[in-house]
Every structure is written in C-alpha cells, then in structure tokens.
Amino acid sequence: MPTCWLVSEDDRHKPIQLPHQQALILGRGPETKIKDQKCSRNQVELRADCNRGFIIVKQLGTNPTNVENVIVGKGNQVPLKPGQKLCMVNQLYPYTVRFIEDASTFGSTGDGNKPVKRPYQKDSHGDEKAKEGPASKISTPSHTEEASYGASVTEKATPQKAEPAGHWSQGLKVSMQDPKMQVYKDEKVVVIKDKYPKARYHWLVLPWESISSLKALRADHCELLKHMQKVGDRMIKHCPDAQKLRFRQGYHAIPSMSHIHLHVISQDFDSPCLKNKKHWNSFTTDYFIDSQEIIAKLERDGKVSVKEGMGELLKLPLCCHVCRKEQATIPKLKDHLKTHLLS
DNA sequence: GTTCTAGAAC
DNA sequence: GTTCTAGAAC
C-alpha cells in the first residue's frame, strides 16, 4: 500500500505523513510551522485513503480552509486528490498530497512505514482555550466518520455542532431549492434573485447539476454554460429597465458561496447592499469574469484555470467602472455613481 | 456571504 | 466629535 504525504508547497517544512484511515488534526503549531493566529491549532482534520489515493479534508477552525480555492466551511469535508491544492487558512499555507510507493527517500524521518511522531504540544502562549486540546490527534480507524467526530471532537471540545449543510457558504444550495426564491426554472437551471443584490437587478443562474466551482468545469459543461447565459439573456430581456440599464453576466474568480453561479447584474450598482470595497471590486475588476470568457476558455482548453492572486484585486482602490475615476470612499463612490445614472 | 465593532481617518 | 474601513465572528 502506498504511503500518503502532505507536502508544503511553499516548502516551509518537510512532508508530513498521513497514516491510512486515521484522522490527523493539524493547524497552527510546530509541525506546520504556522504561527498565524488566524489559523486554529485544530484547523483541519485529514484522513488519508492510501488505497484509493485521496484524503478527506475537514475544516475544524473558524477561518476558511480552501481546497482548489473553494472554502471548505467549518464542519464540512471535501476530498483532496493529488494535484489539487489545499490552503490551510485564508488562502495561505498551500499544501498538496502525494502518494508514494517507496517512501524511504521521502519525509523528515526517513522511516516511511511508521506514522510521523506528533507529541502533545503545550501551548507556549497560553492564549488558546484549553478546550482546543492537543495540537494534533490521531483517532482510531475503526470509527465511522460520524462516530469518530462524536467521540474525538465533540467530547474534547469544539462547541459548535457539525452542520455542514447549514454553513453560510452552502446557502445557495438551500435557496435554489426554495420555490419562493425561484424566479425561473427549467430542466437544466434555476434562477434566483440575489439575497443581497449589489444593483437594481441582480440574479443568480444556477445549474441543477452540482458543480462546486469554475475549476470543476469540463468540456462537456460548455452547453450548460451557454444555456445559463441564454437564460440570463432572457432575464435581462424581460426586465422593465432593460432599455435604460446596461447588464453584465459573469462569474467571480473565487466565489464565497459553494455551487457554481452566474451573476446577471445591472451596471447601476445602485443598492444599499453594496457596502464595501470587496463588493465593489468583485464586480468591477478582473475578479468578475465574463460568462463569454469562461465559455471560450472552456471550449479552447477543456477546463478553466483561475489565475493566482485574484484575491488581491479585491483590495484595489475604488475606481469608477464607467469613467475609471478613483473614489476615496464607498459613500463618495456612491455619490459619484449617481452622476452616471442621470446621463 | 453578512454583521458587528474597534480603531483609523477625518 | 463623526465617518468609514477592515478584520473577527458567525
């Protein structure tokens, strides 16, 4: 059976072995050399399946752990396969997973067949709640996922109950199923109004098929994406202000919400829900990728890759999307936008 | 994703 | 003093 190794992509430390079918909890601590206070000492629970060649990543900490740039969500678990990227917290501390047949030349101990020793790490800062427990923990492999969680985690600490489907990042999956939210549906897609619209008109087009993110798209999704855009076109066409307003259709490079969704949004950005720089830049910088561009990339390459560093675009200065003039604050930007509305 | 709020900026 | 942002908490 191959051995499984968690590899620090920025080479902060040597690979950590993940024993087969044993839950290992990692986070801030000497093993990962992560000192970032945003990272819980029990940030993730990792469980390797050495026979099938993947690991299950469960987010235990409050701050986001990402797999392939998608937030896992506290209490949720997702698979991580070789080649995919795990970011321990806040898009930082990248890792990949590797399965090695002969592990003798790999890792820090050179002893490829035994789990890496992980002694109890006393909290030297004394700032962490005692309930967080040891820095890492291996539970017995005989438990089921649920039993293991109940036995090893609940009792020792995490006060919140595991509610994967209840996490905010899963909200779209709930909304799209709610008839009261649906404004259009057919055999392939459903349209809902954005719960917090960032403009006078702001819809989300979601496929019934569960597609986690842009990275999960494959060539055979092209027709679906074209259909989603056509449905968006139809929404715009039936809008009473269609003549007056400009619209864009596109995707966020790194969406916060699970389940792929096409934004159909009018370009007035006249909405009380548009409150901060992140909101603004997510719709007016390259963070917003036009539907056509995604479709073209998918047709050309058979996949969509999102460039690194897109998150930085959200911190850019506030720049008017019409005249590109920079605005100092959100309220000033909102005042400025009114001048374009009147023209 | 939103809400809340400390403290920076004015 | 008030306004506004940015980060933590949810």
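Letters A, B, ... mirror the listed sequences (proteins, then strands); counts begin at 1. Side-chain atoms are counted along with the backbone in the values below, which use heavy atoms only and exclude waters and symmetry mates.
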Counterpart residues, side-chain hydrogen bond (donor to acceptor under 3.5 Å, both in side chains), relative to A:Ser8 (two or more places apart):
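side-chain hydrogen bond (donor to acceptor under 3.5 Å, both in side chains) check on A:Ser8 returns A:Asp10.
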
Within residues 268-277 of chain A, which residues have any heavy atom lying less than 4.0 Å from an atom of DNA chain B?
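Going residue by residue through residues 268-277 of chain A, the ones with a heavy atom under 4.0 Å of DNA chain B turn out to be A:Lys275.
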
Does any residue of residues 189-199 of chain A have a heavy atom under 4.0 Å from DNA chain B, and if so, which ones, in number order?
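Contacts with DNA chain B under 4.0 Å: A:Tyr196, A:Lys198.
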
Looking across every strand, which nucleic acid part, if any, lies under 4.0 Å from [X] by heavy atom: base, sugar-phosphate, or nothing?
X        : answer
A:Thr329 : sugar-phosphate
A:Leu172 : nothing
A:His279 : sugar-phosphate

Apart from A:Val70 itself, residues in the same hydrophobic cluster as defined by side-chain heavy atoms under 4.5 Å:
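Besides A:Val70, the cluster holds no residue at all.
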
Which ILVMFWY residues can you reach from A:Val174 by hopping between side chains whose heavy atoms are under 4.5 Å apart?
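When side chains under 4.5 Å apart are linked, A:Val174 ends up in no cluster with other residues.
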
Using distance only, find each side-chain donor-acceptor pair of residues 324-331 of chain A under 3.5 Å and give its atom names and separation, not counting sequence neighbours.
from     : atom 1 : to       : atom 2 : distance (Å)
A:Gln327 : NE2    : A:His336 : ND1    : 3.3
A:Thr329 : OG1    : A:Lys332 : N      : 3.2

A:Ile16/A:Leu24 under side-chain contact (heavy atoms from CB on, under 4.5 Å): CA gap, chis, key distance, verdict
CA-CA 10 Å; A:Ile16 297 172; A:Leu24 171 68; 4.3 Å; yes

For [X], all residues meeting salt bridge (charged side-chain N to carboxylate O under 4.0 Å, His left out), sequence neighbours excluded:
X        : answer
A:Glu308 : A:Lys85
A:Glu223 : A:Lys226
A:Arg52  : A:Asp49

Could you list the residues that satisfy ring pair (Phe, Tyr, Trp, His ring centres under 6.0 Å) with A:Phe99, not counting sequence neighbours?
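Not a single residue meets the ring pair (Phe, Tyr, Trp, His ring centres under 6.0 Å) criterion with A:Phe99.
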
With heavy atoms of chain A within less than 4.0 Å as the criterion, where does contact along DNA chain B begin and end?
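It runs B:dG1 to B:dT3.
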
In residues 205-213 of chain A, what donor-acceptor pairs under 3.5 Å come from side-chain atoms, sequence neighbours left out?
from     : atom 1 : to       : atom 2 : distance (Å)
A:Trp208 : NE1    : A:Asp186 : O      : 2.9
A:Trp208 : NE1    : A:Val189 : O      : 3.4
A:Glu209 : OE2    : A:His221 : NE2    : 3.0
A:Ser213 : OG     : A:Lys215 : N      : 3.2

